[in-house]
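FYI, the numbering just counts along the sequence from 1.
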Amino acid sequence: MTSSADEAAEPAAPVTDRRVLTQEVWLVLALSLGASALSAIISFAGVLTSAKPISGQTAVIVGSRAPGRPWLDLTWQLFAVATALVPVALVAHFLARAGDSMRTIGFDLRDRLRDLARGTAVAAAIGGAGLAFYLAAYATGSNLTVDPAKLPDIWWRIPILIAVAAQNAILEEVIVLAYLNRRLDQLGWSVGRATAASALLRGSYHLYQGLGGFFGNVIMGVVFCYLYRRWGRVMPLVVAHTLIDIGALVGATYLIGKVGWLPGG
């Protein structure tokens with residue numbers, strides 16, 4: 001016979017109730033990329049109702065947060081990167097409460113060499129196709145001019161851009177790819193329906209860039225869902241996304257205004 005103290009010390013059983021899981025998913029999204037999607041939709045509504053044509057407007061991904069005050073700007077940049085990753089910690093907490101872990105979704109360093117090789121290959125394929133898609137969408141007037149980085153020319157500019165790229169990759173792939181698909185599977189969704197939900201959400205929070213940003217990221221979302229389910233690991237897609245964003249953010253810093261084929265400047 002166990003005492004009340006022994007019973008209190010026993011770990012709680014994993015929570016699997018459908019209602020609880022559904023509420024959990026909505027809370028995670030409301031605190032992260034679901035809110036970003038709503039913000040992007042509102043932003044795009046503003047673009048559509050503006051007197052300027054879509055391609056005549058600019059979307060800046062990483063901009064200065066304290067112009068003319070580099071140390072304060074750096075502090076704000078670091079603060080933004082750190083706080084953006086809090087929902088990832090929340091996901092880790094919820095997975096642990098359910099008897100899982102980040103290792104369950106393949107967010108670890110167990111297979112780092114293969115993850116790096118796969119991620120690099122995916123980045124090369126998706127990154128090139130994404131650039132071509134953006135240029136085509138811009139040419140049709142359905143996409144804003146995307147200026148990935150407008151930071152002062154100072155020593156911390158490139159390190160911050162790399163940190164932002166890694167932050168974006170971790171946040172998006174852990175939550176929208178791995179966590180969301182796992183929870184939707186547990187809620188009984190079909191693979192096709194879960195893939196559609198994940199891909200459409202990914203496209204939605206890129207809508208601030210225009211229709212090209214939306215459809216390009218929906219396609220990327222479908223590909224990433226397929227690869228995640230095939231490999232059973234999110235880490236290669238985190239690597240791929242990081243490399244793609246580094247190429248876009250750092251590349252744009254040195255190319256926009258210096259080459260004729262890239263809009264902006």
Side-chain angles (χ1 to χ4, degrees), residues 33-64 119-151 161 164-165 168-169 171-173 176-177 180 192-228 237 240-265:
L33 294 162
S36 297
L38 182 57
S39 173
I41 292 169
I42 295 171
S43 176
F44 189 57
V47 168
L48 292 177
T49 54
S50 172
K52 290 184 178 181
I54 294 177
S55 59
Q57 301 178 58
T58 301
V60 177
I61 297 178
V62 184
S64 177
T120 301
V122 172
I126 296 289
L131 177 59
F133 195 92
Y134 161 64
L135 293 175
Y138 177 81
T140 64
S142 62
N143 213 79
L144 286 78
T145 300
V146 178
D147 192 342
K150 275 190 176 297
L151 292 177
L161 292 178
V164 169
N168 286 339
L171 179 67
E172 294 185 38
E173 304 316 329
V176 173
L177 181 60
L180 184 58
R193 190 179 171 202
T195 297
S198 175
L200 287 171
L201 176 57
R202 186 188 296 265
S204 296
Y205 57 75
H206 286 95
L207 194 56
Y208 71 94
Q209 299 175 10
L211 294 178
F214 173 77
F215 287 111
N217 278 279
V218 168
I219 295 170
M220 176 178 168
V222 171
V223 173
F224 273 32
C225 281
Y226 170 77
L227 293 176
Y228 170 65
L237 291 316
H241 194 147
T242 301
L243 293 177
I244 291 169
D245 277 14
I246 289 174
L249 296 174
V250 176
T253 297
Y254 292 106
L255 293 178
I256 287 182
K258 299 180 178 65
V259 295
W261 53 268
L262 194 61

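Looking only at distances, no side-chain donor or acceptor of Thr195 sits under 3.5 Å from a matching main-chain atom of Val222. The backbone N or O of Glu172 lies less than 3.5 Å from no partner atom in the side chain of Tyr205, so there is not a single donor-acceptor pair. Side-chain atoms of Gln57 come within 3.5 Å of backbone N or O of Val47 as a donor-acceptor pair. For Ser55 (side chain) and Leu144 (main-chain N/O), no donor-acceptor pair under 3.5 Å exists by modelled atom type.
In this structure, Pro148 and Val146 approach most closely via the heavy-atom pair CD-O, 3.3 Å. Gly221 approaches Arg202 most closely through the heavy-atom pair CA-NE, 3.4 Å. Shortest non-hydrogen contact noted between Ser204 and Ala40 is O-CB, 3.3 Å. Here the closest non-hydrogen pair linking Ala137 and Gly212 is CB-CA, 3.6 Å.
Distance check, rounded to the nearest 0.5 Å: OG1 of Thr58 to NZ of Lys150 gives 7.5 Å. Note that CZ of Arg193 is 14.0 Å distant from OG of Ser198, once rounded to the nearest 0.5 Å. Put simply, CG on Asn217 and CG on Leu200 are 11.5 Å apart, with the number rounded to the nearest 0.5 Å. Taken to the nearest 0.5 Å, the CG atom of Leu211 stands 8.0 Å off from the OG1 atom of Thr140. A distance of 5.0 Å separates CD of Gln209 from CD1 of Ile61, quoted to the nearest 0.5 Å. Distance check: Leu237 CG to Thr242 OG1 gives 10.5 Å after rounding to the nearest 0.5 Å.
The shortest distance between side-chain heavy atoms of Ile126 and Phe224 falls below 4.5 Å. At least one side-chain heavy atom of Thr145 sits under 4.5 Å from a side-chain heavy atom of Tyr138. Taking 4.5 Å as the limit, every side-chain heavy atom of Leu171 sits out of range of all side-chain heavy atoms of Val176. Between Ile246 and Leu161, every side-chain heavy-atom pair lies at or beyond the 4.5 Å cut-off. Looking at Cys225 and Leu177, their side chains come closer than 4.5 Å, going by heavy atoms from C-beta outward. Residues Thr120 and Leu243 meet the side-chain proximity criterion, which asks for heavy atoms closer than 4.5 Å.
Only one option out of Ile41, Asn143, Leu207, Ile219 pairs with Phe214 in a side-chain contact (heavy atoms from CB on, under 4.5 Å); it is Leu207.
Ring pair Tyr208/His206 is parallel by interplanar angle, where below 30° counts as parallel and above 60° as perpendicular.
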